Amino acid sequence: MNLYETMLERVRAALARLAERGELPADLDLSAVTVEPPRDPAHGQMATNAALVLARRARRRPLEIAERLAAELSALPEVAAARAAPPGFVNLVLHDRVWREQIRTVLELGHDYGRCDLGRGERVDVEYCSANPTGPLHVGHGRGTVVGDALANLLAFTGWRVTREYYVNDGGGQIEALARSVYHRYRELLGDDPGPLPEGLYPLEELVPVARRIVAEDGDRWLGRPESEWLDRFGRVAVEAMMARIREDLERLGVRHDVFVSERALIEAGRIEEVVAALEARGLVYTGTLPPPKGRPVEDWEPAPQLLFRASAFGDDIDRPLRRSNGAWTYFAADMAYHYDKFRRGHTVLIDVWGADHGGYVRRMEAAVAALTEGRARLEVLLCQIVHLHERGEPVRMSKRAGNIVWLRDVVERVGRDVFRFMMLTRKNDAPLDFDLEKAVEQSRDNPVFYVQYAHARICSVFRHAQQAGIPVDLDTLRAAELERLRDPDELALVRRMADWPRVVAGAARAREPHRIAFYLHELAGSFHSLWTRGKEDATLRFLVADDPAVTRARLAMLAAVRVVIACGLGIMGVEPVEELH
RNA sequence: GCGCCCGUAGCUCAGUCGGAUAGAGCGUCGGCCUCCGGAGCCGAAGGUCAGAGGUUCGAAUCCUCUCGGGCGCGCCA
């Protein structure tokens with residue numbers, strides 16, 4: 001339990017005592033009562049809204065309740081001051097020692113500090129990346145991949161049982177196009193001039209080695225043969241090769257999925273038929289004709305009866321097709337089978353991280369999950385907005401047609417895994433993100449990655465100096481430090497910021513917003529840098545004070561704890577906490 | 001036309017389940033190097049939270065409408 005939760009319990013207990021004495025009604029609903037840091041630190045260190053929330057039901061003036069509550073809270077051992085403030089807050093100041101003790105807690109718990117059981121062991125499936133196996137990952141894929149990975153880390157840290165998952169779209173027409181693209185290269189390699197690449201095929205250089213492999217294994221036996229003979233073979237080899245490449249790209253980003261699920265395998269196992277039959281049995285599937293699409297007119301639109309899922313019964317605008325007019329299942333039908341599969345494997349929270357261009361797909365998938373699981377699982381979709389790439393201030397435009405795609409691997413190699421991952425988490429997912437390749441490698445205040453890592457490195461540097469000076473820095477010594485020697489307001493501010501970590505983690509997990517970790521670390525690093533600089537101006541505030549081993553121990557304990565929190569936060573983001581910058 | 005997302009300082013963005021006088025970085029201006037790493041720190045200036053209405057003790061936050069931007073809109077994935 002973190003400090004805020006502890007104080008919330010204290011507030012609830014105090015309210016109960018007031019109720020016992022008849023100063024409040026007995027059965028008040030306390031669920032809206034919170035204990036939070038006030039926006040303006042001048043008000044105090046924590047504030048509760050209890051009186052404001054309860055005033056109406058209690059039929060009392062908020063300030064009156066606040067005053068009684070303040071009196072009650074003043075008596076607590078943790079509380080240095082409790083004051084009622086208009087319109088009805090109770091502001092709390094805790095004894096410094098309560099905050100300082102958090103240092104010892106951090107040193108006891110290490111990287112488990114901030115861990116909690118918010119998820120209560122519920123099984124959540126986080127599906128992210130899931131790029132089509134028609135080429136390597138490009139920068140655009142990187143954002144969702146990092147967001148999904150960090151979110152999975154965050155949820156695992158806060159008590160969920162997490163599966164990290166990649167859906168391999170190896171079943172549709174795009175794979176046929178991929179196979180034909182490889183066949184084109186195959187003919188080129190064997191000197192059988194195929195002419196220019198037909199419209200709709202992939203011009204990727206990366207397909208040449210795939211074709212080469214088929215030449216090596218199969219020779220020229222597919223030359224001049226009808227498509228029906230070679231299409232499957234070429235498709236399988238191409239998907240395998242592309243997935244191998246994608247896994248390498250993921251590896252370089254430090255991303256490792258637990259499960260790769262093949263769309264094709266689901267289809268071949270008859271899973272779509274199962275799901276559709278189940279829906280059919282419940283009257284949720286029918287044959288009908290959809291109205292023409294809105295917006296820009298579709299030239300060759302003709303009304304045609306199709307097999308439809310009654311998505312509109314679950315909040316979608318219209319019903320959605322399950323079969324194409326050529327009889328094949330739609331992507332949506334396969335996706336239904338896939339999401340049902342996630343549920344069948346025991347997940348009750350399904351989180352999908354998608355690009356913003358899939359926004360129009362969210363409603364129908366939510367409807368599908370609601371229908372298939374009969375409300376026992378819920379889908380949460382995180383849409384990641386576009387990444388704008390900049391080079392020397394100029395936007396880098398990517399276009400598949402022009403063939404100037406920026407591969408994820410190249411960017412990661414250039415700026416480094418840590419920088420890339422951190423930068424991808426410096427915006428909330430539904431805001432567009434600018435990524436400047438120059439700034440990313442710059443070591444300045446401008447660059448939040450550097451700023452945070454620099455704080456960590458500086459702490460490590462202090463410890464190196466301490467060791468050189470023969471000052472004991474082992475954990476037992478630090479745990480036994482006389483923390484009351486930490487008296488400077490900036491030291492206490494740093495400690496309070498550090499003690500915020502459990503709240504931040506829980507809030508970020510609840511909101512599915514891993515970017516909050518990045519912002520928090522930036523603030524924590526700021527508090528630290530500020531304190532560091534004061535030590536330059538005032539030697540008594542330096543961390544290592546030669547003639548005062550006790551204060552040195554206390555400050556080293558504080559730094560050790562801050563370092564743990566920084567490292568832990570970076571760990572959730574998948575970023576290495578470096579010990580030295582160069 | 002419809003749906004989803006967004007609109008906060010000159011720029012890029014935070015803003016906790018609705019909480020008090022809306023915060024940070026960049027940029028601008030003014031300061032701080034006998035130093036545990038100045039790759040840093042401190043200060044100043046800078047706001048009609050797009051606009052209007054509503055709910056509420058209280059709205060940047062929730063609801064409605066308007067304006068502006070992004071994405072998407074049968075048988076692609």
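Throughout, a chain's letter reflects where its sequence line sits, starting with A, and its residues are numbered from 1. For clarity, every value in this text was computed on a predicted model and none was experimentally measured.
Residues A:R364 and A:P432 both approach RNA chain B. Their nearest nucleotides, taken by heavy-atom distance, put A:P432 toward the 5′ side.
When distances are taken from the side chain of A:F543 to each of B:rC36, B:rA77, B:rC13, the shortest belongs to B:rC36. Side chain of A:H358, nearest nucleotide from B:rA77, B:rC13, B:rC17: B:rA77. Side-chain proximity of A:N49 to B:rG19, B:rG40, B:rC41: nearest is B:rG19. For A:H515, whose side chain is taken as the heavy atoms from C-beta onward, the closest listed nucleotide among B:rC17, B:rA14, B:rA77 is B:rA14. Nearest nucleotide to the A:N169 side chain, out of B:rG19, B:rA77, B:rG37: B:rA77. Side-chain atoms of A:D430 lie closest to B:rC6 of the nucleotides B:rG19, B:rG37, B:rC6. Taking the side chain of A:D434 as heavy atoms from C-beta on, and the options B:rU12, B:rA14, B:rC36, the nearest nucleotide is B:rU12. The side chain of A:H529 approaches B:rC41 more closely than any other nucleotide in the set B:rA77, B:rC41, B:rA20. Proximity note for A:R516 (side chain, C-beta onward) versus B:rG74, B:rG40, B:rG15: the nearest is B:rG15.
Stacking here means ring centres nearer than 5.5 Å and ring planes tilted less than 30 degrees, and by that measure A:F519 does not stack onto B:rA14.
Among the heavy atoms of the strands lying under 4.0 Å from A:A47 is at least one base atom, whether or not backbone atoms are also near. At a threshold of 4.0 angstrom between heavy atoms, the contacts of A:G173 are confined to the sugar-phosphate backbone, with no base atom among them. Using a 4.0 Å heavy-atom cutoff across all strands shown, A:R542 reaches at least one base atom of the nucleic acid. No contact: A:T426 has no heavy atom under 4.0 Å from any strand. At a threshold of 4.0 angstrom between heavy atoms, the contacts of A:A304 include nucleobase atoms, whether or not backbone atoms are also involved. Nucleic acid contact for A:A469: none, since no nucleic acid atom lies under 4.0 Å from a heavy atom of the residue.
Rounded to a whole angstrom, the distance from the C1' atom of B:rA60 to that of B:rC13 is 14 Å. Taking the P atom of each, B:rA77 and B:rC6 are spaced 29 Å apart, rounded to whole Å. Spacing between B:rC4 and B:rU66 at atom P, rounded to whole Å, works out to 13 Å. A distance of about 31 Å separates the C1' atoms of B:rG58 and B:rU12, rounded to the whole Å. Going from the C1' atom of B:rU8 to that of B:rG47 covers 8 Å, rounded to whole Å.
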Using atom names, set out every protein N or O paired with an N or O of nucleotides 59-61 of chain B below 3.5 Å, distance rounded to 0.1 Å.
unit_1 : atom_1 : unit_2 : atom_2 : d
B:rA60 : N6     : A:R39  : NH2    : 2.7

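Looking only at atom types and distance, the side chain of A:N429 has no donor-acceptor partner in the side chain of A:Q385 under 3.5 Å away. Side-chain contact of A:Y167 with A:D352: a donor-acceptor pair under 3.5 Å is absent, judged by distance alone.
Contacts between residues 331-339 of chain A and RNA chain B, defined by a heavy-atom separation under 4.0 Å, are made by A:Y331.
One N or O donor and one acceptor, one from the side chain of A:R503 and one from the base of B:rU16, sit under 3.5 Å apart.
Using a distance-only test at 3.5 Å, with no hydrogens or angles considered, a donor-acceptor pair links the side chain of A:N49 to the main chain of A:T34. Using modelled atom types, one side-chain atom of A:T330 and one backbone atom of A:L322 make a donor-acceptor pair closer than 3.5 Å.
One finds no salt bridge joining A:D434 and A:R427 here, because no Lys/Arg side-chain nitrogen approaches an Asp/Glu carboxylate oxygen to under 4.0 Å. Comment: A:R364 does not engage A:E366 in a salt bridge, judged by the lack of any side-chain N to carboxylate O separation of less than 4.0 angstrom.
A:R271 forms no cation-pi arrangement with A:Y338, by the criterion of a distance under 6.0 Å to the ring centre and an angle within 45° of the ring axis.
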For RNA chain B, the dot-bracket notation using Watson-Crick and G-U wobble pairs below 3.5 Å, [ ] for pseudoknot-type crossings and | for other-strand pairs, is (((((((..((((.....[...)))).(((((.......))))).....(((((..]....))))))))))))....
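A:Y454 has its ring centre less than 6.0 Å from the ring centre of A:H529. The ring of A:H390 has its center no closer than 6.0 angstrom to the ring center of A:F435.
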